[in-house]
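In this chain, numbering begins with 1 at the start of the sequence shown. Everything numeric here is computed off the predicted structure, so don't read it as measured data.
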Amino acid sequence: MKNPYSDETFLARWLNNDLNDKEKAEFEKSEDYQKYITILDKIDKLQSPSYNKKEIFTTIKNEIQEKPKVRTFITRWTYGAAAALLALIGLFFFFDNTTTHATDYGEQITIELLDGSEVVLNSKSELKFKKSDWENQRKVTLVGEAFFKVKKGSNFVVETESGEVRVLGTQFNVNAQKDYFEVICSEGKVKAIGHNTTKEVILTKGKAFRVSDNIVENWETEITEPSWMSGETTFTNTPLKQVIQSLENQFKISFDKKSINQDKRFTGSYNHNDIELALKTIFVPMEISYTFNNENHIVLVKE
């Protein structure tokens with residue numbers, strides 16, 4: 001999956017203060033933003049063979065120290081200095097040594113981490129980690145859903161946009177979507193922390209934790225491994241919008257959802273091999289009709 005913030009056009013627009021408010025806000029929330037700021041902070045230490053970079057870099061450093069946000073200083077650069085900065089940023093990411101694994105619609109992959117820990121990545125999900133930092137910090141970043149079998153050792157951290165999990169060695173499932181964070185412990189003990197709440201919980205085998213739209217929930221389950229690994233996805237009192245998201249990721253379809261209440265809860269499961277059966281299993285009990293507008297788009301209407 002291409003990193004949008006490594007594109008030279010985007011970086012040049014950022015340096016020239018040409019990003020719109022939405023682009024700027026999203027960029028400043030990203031991990032990459034801090035990396036670029038670090039580069040700018042240290043760039044004055046570099047030596048230049050062909051032109052007076054030292055003076056330019058010193059000016060940059062002073063501007064950054066005086067103001068917390070990067071200002072429009074590219075107009076005072078030569079084009080050569082700007083190109084040099086972009087090249088340095090490219091080298092930074094080349095040596096950053098981040099490994100990324102991603103799945104497509106309906107796809108699952110198994111990943112073996114550097115310490116022998118294993119991750120099974122569900123459909124339309126992404127896992128990232130840094131090889132260079134692994135010996136000092138076992139940390140991965142997850143978008144989507146994955147099942148972890150962590151080898152015993154130092155602290156192991158799963159970071160997501162909506163929460164994080166900390167363990168030493170255990171087995172657990174994490175599902176992290178926008179405004180949704182769910183952790184189910186299959187073995188051992190884990191600490192789950194929701195970012196949108198101050199709630200922290202210690203989960204043992206069979207315990208589950210969820211934060212959905214700032215609502216905290218806990219329950220118990222006898223499932224030792226997530227059913228999605230065996231071709232069937234199971235839900236326990238799950239908001240319908242998450243169920244629909246799962247269907248979209250599994251079957252590469254989209255829904256018109258404006259006529260239904262997506263906050264209603266669903267308990268049950270669907271099979272990955274038959275889309276028609278999956279739709280009937282979920283929507284018929286909830287008294288929601290579904291119509292294929294075209295091959296990949298479905299309209300949902302409350303009956």
Side-chain angles (χ1 to χ4, degrees), residues 102-108 120-126 142-147 160-163 173-184 192 194-197 199 206-303:
T103 52
D104 205 345
Y105 294 98
E107 181 185 20
Q108 298 176 16
V120 184
L121 203 58
N122 202 359
S123 57
K124 292 302 290 179
S125 301
E126 180 184 87
L142 172 68
V143 176
E145 185 169 21
F147 181 68
T160 78
E161 180 183 358
S162 50
N173 190 78
V174 181
N175 188 357
Q177 312 289 343
K178 183 178 181 181
D179 300 322
Y180 186 84
F181 181 60
E182 180 182 285
V183 182
I184 302 176
H195 286 169
N196 292 331
T197 175
K199 184 74 172 179
K207 305 290 185 180
F209 169 76
R210 175 194 295 146
V211 181
S212 178
D213 293 326
N214 296 325
I215 298 174
V216 178
E217 301 172 74
N218 295 274
W219 73 97
E220 296 185 8
T221 178
E222 296 181 358
I223 298 175
T224 56
E225 286 191 348
S227 61
W228 57 260
M229 293 172 59
S230 303
E232 183 176 87
T233 296
T234 301
F235 305 94
T236 302
N237 195 35
T238 304
L240 184 56
K241 61 183 174 182
Q242 299 301 328
V243 178
I244 291 173
Q245 178 70 64
S246 175
L247 289 169
E248 290 177 334
N249 291 346
Q250 186 62 43
F251 295 110
K252 196 178 181 180
I253 55 179
S254 61
F255 290 89
D256 181 338
K257 309 176 284 283
K258 62 179 178 292
S259 298
I260 65 168
N261 180 5
Q262 296 185 69
D263 293 325
K264 291 186 67 175
R265 298 300 181 106
F266 175 80
T267 297
S269 60
Y270 73 84
N271 190 281
H272 297 175
N273 297 324
D274 189 329
I275 183 174
E276 185 68 32
L277 179 60
L279 295 173
K280 286 181 179 179
T281 301
I282 294 169
F283 296 118
V284 169
M286 303 193 76
E287 299 181 335
I288 296 173
S289 64
Y290 58 91
T291 305
F292 281 86
N293 192 27
N294 57 49
E295 184 178 355
N296 297 312
H297 186 71
I298 299 169
V299 179
L300 300 176
V301 178
K302 177 64 178 176
E303 293 179 350

Report yes if the side chains of [X] and [Y] come closer than 4.5 Å at any heavy-atom pair, otherwise no.
| X | Y | result |
| --- | --- | --- |
| Glu145 | Val174 | no |
| Ser123 | Tyr105 | no |
| Phe181 | His195 | no |

By side-chain hydrogen bond (donor to acceptor under 3.5 Å, both in side chains), which residues pair with [X], not counting sequence neighbours?
| X | answer |
| --- | --- |
| Asn214 | none |
| Gln245 | Asn249 |
| Glu248 | none |
| Lys258 | Asp256 |

What residues, two or more places apart in sequence or in another chain, satisfy side-chain contact (heavy atoms from CB on, under 4.5 Å) together with [X]?
| X | answer |
| --- | --- |
| Thr233 | Trp228, Phe235, Ser246, Tyr270, His272 |
| Lys207 | Leu203, Thr204, Glu220 |
| Thr236 | Trp219 |
| Ser269 | Glu232, Thr234 |

Please tabulate, for the side chains in residues 291-299, all donor-acceptor contacts under 3.5 angstrom to protein atoms that are two or more places apart in sequence or on a different chain.
residue, atom, partner, partner atom, Å
Asn294, OD1, Asn296, N, 2.9
Asn294, OD1, His297, N, 2.9
His297, ND1, Ser254, OG, 2.8

Exercise for the section: May I have all residue pairs that pass salt bridge (Lys or Arg N to Asp or Glu O under 4.0 Å) and include part of residues 261-271, sequence neighbours excluded? Expected result: Glu217-Arg265
Fill in the blank from the handout: Taken in chain and number order and not counting sequence neighbours, the residues that satisfy salt bridge (Lys or Arg N to Asp or Glu O under 4.0 Å) with Glu182 are Arg210
Exercise for the section: Before accepting this row, confirm whether a basic side-chain N of the pair Asp213/Lys241 lies closer than 4.0 Å to the acidic partner's carboxylate O. Expected result: yes
Problem - Selection residues 276-289 - residue pairs positive for side-chain hydrogen bond (donor to acceptor under 3.5 Å, both in side chains), sequence neighbours left out - result: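 Checked against side-chain hydrogen bond (donor to acceptor under 3.5 Å, both in side chains) - neighbours excluded - the pairs reaching residues 276-289 are Glu276-Tyr290.
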